[in-house]
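Presented below is the structure to which this report refers.
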Amino acid sequence: STYSTTSTGGAQTTPAWENTQTVDDDRRTPCCGGGRGRLNLGNYALSRELKRLHGARKMTFNPERPSHEQLLRMTWRALRDDAYVRSGEGWKEIGFQAEDPASDVRAGGLLAMQCLAHFAVVQTNGMRMMLRDIQEAERLHESDPKTYPQRYYPVATSGIVLCAKLCDALGLSDGMR
């Protein structure tokens, strides 16, 4: 359960994560229980993960780096049936605004591309369905804009923007305070 009861002269309900093992440590920071004189190991692990995510968010996506290009390859393989190309019309077909996906990824950093690649690999069928639906809606719009006035934002670009906005909302974009 999320909550457990601790006794200190009377019943008191505290979150279970505050009952984890603690140690005295000089690594205390305000987000890790600093000021209470001890470090909550659960909070310390969370702090490390948040710092890792912040680092990935701030790292510029560079497709010249093999590990970064691998994310592009994973995304391509999940969403396309033809041979991988570094840039070309195929990237627009899978939801990027430009033929070079790196130009779209810039806004979200490495973390956005990691999230997009993960989504493409883990939710391949769902993402392929979204792409088909959007392509069909765009075809309808082009054939009869008065009947079908809606335009759609590219799926991959939307995912990158959502990742960046979520990082902003969680404070990951500004750094760990």
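When reading the values below, keep in mind they use all heavy atoms of this one structure, side chains included, and skip hydrogens, waters and symmetry mates. Starting from 1, each residue takes its place in the sequence as its number.
Looking at K58, its side chain does come within 3.5 Å of a backbone N or O of S173 through a donor-acceptor pair. No side-chain donor-acceptor contact under 3.5 Å links S47 to the backbone of N43. Checking side-chain atoms of D104 against main-chain N and O of T157 turns up no donor-acceptor pair under 3.5 Å. No donor-acceptor pair under 3.5 Å is formed between the side chain of R57 and the backbone N or O of D168. A distance-only check finds no donor-acceptor pair linking the side chain of W76 to the backbone of W91 [under 3.5 Å].
V105 and V85 fall within a single hydrophobic cluster, where Ile, Leu, Val, Met, Phe, Trp and Tyr side chains are chained together by heavy-atom contacts under 4.5 Å. Note: the hydrophobic cluster containing L162 does not contain I160 (ILVMFWY, side chain heavy atoms under 4.5 Å, direct or indirect links). The same ILVMFWY cluster, assembled from side-chain heavy atoms under 4.5 Å apart, contains both Y84 and F61.
Note on E142 versus R139: no salt bridge recorded, every NZ/NE/NH1/NH2 to OD/OE distance being 4.0 Å or above.
For residues 107-147, no residue pair satisfies the ring-ring contact (aromatic ring centres under 6.0 Å, His included) rule, not counting sequence neighbours. Each salt bridge (Lys or Arg N to Asp or Glu O under 4.0 Å) pair with one or both residues in residues 82-94, not counting sequence neighbours, appears once here: R80-D82, R80-E93, R86-D100.
In the displayed structure, Y148 atom OH is contacted under 6.0 Å by at most 12 heavy atoms of other residues, nucleotides or ligands. When the shell of 6.0 Å around CG of D144 is examined, it contains more than 12 heavy atoms from other residues, nucleotides or ligands.
With rounding to the nearest 0.5 Å, the separation of CD in Q123 from CG in N125 is 8.5 Å. Atoms CD and CE, from E69 and M113 in turn, are 10.5 Å apart once rounded to the nearest 0.5 Å. Rounding to the nearest 0.5 Å places OG of S158 at 12.5 Å from NZ of K165. Note that CG of L116 is 9.0 Å distant from SG of C163, once rounded to the nearest 0.5 Å. Remark: L131 CG to L79 CG distance equals 6.0 Å, nearest 0.5 Å. To the nearest 0.5 Å, atoms CG (L71) and NE2 (H68) are separated by 7.0 Å.
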**Message:** Is there a side-chain contact (heavy atoms from CB on, under 4.5 Å) between R52 and R48? Walk through the geometry before answering.
**Reply:** CA-CA 6 Å; R52 185 191 70 75; R48 286 181 50 140; over 6 Å; no
**Item:** Chi angles and distances behind the side-chain contact (heavy atoms from CB on, under 4.5 Å) call for V155, I94
**Value:** CA-CA 7 Å; V155 173; I94 60 175; over 6 Å; no
**Asked** When you look at L111 and L53, which way does the side-chain contact (heavy atoms from CB on, under 4.5 Å) test go after all the steps?
**Response** CA-CA 7 Å; L111 181 60; L53 291 170; 3.9 Å; yes
**CA sep, side-chain torsions, deciding dist, call: R65, M59, side-chain contact (heavy atoms from CB on, under 4.5 Å)** = CA-CA 12 Å; R65 295 179 77 174; M59 180 175 285; 3.7 Å; yes
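The shortest distance between side-chain heavy atoms of K146 and P149 does not fall below 4.5 Å. Side-chain atoms of Q135 and E138, non-hydrogen and from C-beta on, never get closer than 4.5 Å to each other.
Using modelled atom types and a 3.5 Å distance limit, the side chains of Y44 and E49 yield no donor-acceptor pair.
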